[in-house]
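Report on one structure; see the data block that follows.
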2 protein chains.
Amino acid sequence: MRMERLPKRQRHQQLSKLLDENPFLTDRELTRLLKVSIQTIRLDRLELAIPELRERLKQMAERSYDSIRSLPLDEVIGDVLDLHLDKSGISLFEISEEHVFSRSGIARGHHVFAQANSLAVAVINDEIALTASADIRFVRPARLGEKCIAKAYVRSSRGQKAKVEVITYVGEEMVFQGDFIIYRSASETKT
Amino acid sequence: MRMERLPKRQRHQQLSKLLDENPFLTDRELTRLLKVSIQTIRLDRLELAIPELRERLKQMAERSYDSIRSLPLDEVIGDVLDLHLDKSGISLFEISEEHVFSRSGIARGHHVFAQANSLAVAVINDEIALTASADIRFVRPARLGEKCIAKAYVRSSRGQKAKVEVITYVGEEMVFQGDFIIYRSASETKT
DNA sequence: TAACTTTTAATACCTGGTGCCAATAAGAGT
DNA sequence: ACTCTTATTGGCACCAGGTATTAAAAGTTA
């Protein structure tokens, strides 16, 4: 039963590797690289469940298209659940596909930051409020599917500077903490 | 000379728009949407220099594949102009409508941060790189239409922690400065 | 040698096109 | 009304890069 020739498995590995390195290869090009007939290449792809070139390109295009679509970071990132102007606020942000590194499923930092930053700005009750500086820590990674609850507290608000602390949780765990200094346009009388 | 019928130009606009919104449309699907024959669609594409579906998909796939190891380009906010792994990087990000507060035309902080953060992560040459913490200052607001040039420098890289400084300029003016601490997965300590 | 797997070949068919030529249709100019 | 020009449509041959199927050939053991 155990056949001496296992160039097949080897070839399968090579083929997977080749296509991993360069998914733009046609079957015909693969015949040159692997020195087998085109039918063999196609049987191999069949066994390995590797789709044809055009399907591979389409899938790549779709993935990159989705991730480009999702970038618009608007208004407040996440849903505002609770807001007491000049005091505190809470927002919810669910980590989905477009927010994570595909390899690791871990959210890119700027999305977690964006939730916190936009909440910090939203909680300041003024026409114009801008982030002046921030000191932030990503305590633990947020992962695909997790629901991030950001809580913002206005710690002080004198003159044009307001200090806002934001802490983001997933369940009981802290994932992010940041101290923001927000510039506001004028005195708080101008609401 | 000036002909009254310009359904052609209108159709060209519609066609461009349709394909802009959904580049995955075949000519046949376009005939249904535009109510003209498939030949007309193809003449239109010819005039507008729009390639066929498969070519479009291929181009999208290629763009998304023009990745530099750990991070596909479109996962970076802005366009990478220059990248020396583990050393430095430069990216360009133009502030457009969707990035600003409509009242003031000033960019929301998290967009400027996102450019800097994603560049800081991209410059780290590793499979997995995550922002651990950051200390950032928004030196002056970035405004609608301004081109932000972010420059990242790897200041130190010992073990799993890398310090990356990012400074963002508009022209000669500094708009943002941040010190990032990036966690890397492991392995590569070669600088 | 027989039984088996693996490889190659041949053929029909598919999608989403290109390229080319000819036939209409729809104006505009005079 | 009759051209002249542009626009639209149709038909046909052809292409790449495949799928699907059937069959033959080659290699591999027991």
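Chain identifiers are assigned alphabetically (A, B, ...) following the order of the sequence lines, protein sequences preceding nucleic acid strands; residue numbering begins at 1 within each chain. In this text the structure is predicted, and so the values were computed from the model without any measurement.
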| field | Electrostatic pair A:Asp179:A:Lys163 at N-O distance under 4.0 angstrom | value | no
| query | Taking the side chain of A:Arg42 as heavy atoms from C-beta outward, which of D:dT19, D:dG10, C:dA9 is closest to it? | reply | D:dT19
| A:Lys8/A:Asp44 ion pair, N-O < 4.0 Å | no
| Between atom CG in A:Leu46 and atom P in C:dT8, what is the gap in whole Å? | 16 Å
| field | Integer-rounded Å distance: C:dT18 C1' and B:Ile38 CD1 | value | 12 Å
| task | Whole angstrom is fine here: how far is it from NZ in B:Lys8 over to P in D:dT9? | result | 12 Å
| query | Going by modelled atom types, is there a donor-acceptor pair between the base of C:dT15 and the side chain of B:Arg28 at under 3.5 Å? | reply | no
| task | Quickly work out the A:Glu55 CD to C:dT15 P distance and round it to whole Å. | result | 14 Å
| field | Given DNA chain C, 5'-ward residue of the pair B:Arg45 and A:Asp44, judged by closest heavy atom | value | A:Asp44
| task | Using whole Å, report how far CD of A:Glu29 lies from P of D:dG18. | result | 9 Å
| task | Please determine, for the side chain of B:Asp27, which listed nucleotide (D:dG18, C:dG17, D:dG11) has the closest atom? | result | C:dG17
| query | Is the closest side-chain donor-acceptor distance between B:Gln177 and B:Thr168 under 3.5 Å? | reply | no
| query | Does a side-chain N or O from A:Thr40 land closer than 4.0 Å to OP1 or OP2 of C:dT8, or not? | reply | yes
| said: Looking only at the aromatic ring of each residue, does the gap between the centers of A:Phe113 and A:Phe180 stay below 6.0 angstrom? | reply: yes
| Rounded distance in Å - CZ (B:Arg9) to C1' (D:dT8) | 16 Å
| When you measure from the side chain of A:Thr26, which nucleotide among D:dG17, C:dA9, C:dT6 comes out closest? | D:dG17
| task | May I have the distance from A:Arg11 (atom CZ) to C:dT7 (atom P), rounded to whole angstrom? | result | 4 Å
| Check: B:Glu52 side chain, C:dG16 base, donor-acceptor under 3.5 Å | no
| said: Rounding to an integer number of Å, can you tell me how far A:Gln59 CD sits from D:dG18 P? | reply: 13 Å
| Is B:Glu127 salt-bridged to B:Arg184, cutoff N-O under 4.0 Å? | no
| said: Determine whether a donor-acceptor pair (one donor, one acceptor, N or O, separation below 3.5 Å) exists between the side chain of A:Arg54 and the base of D:dG17. | reply: yes
| Candidate nucleotides D:dT9, C:dG16, D:dG18, ranked by approach to the side chain of B:Leu43 - the nearest | D:dT9
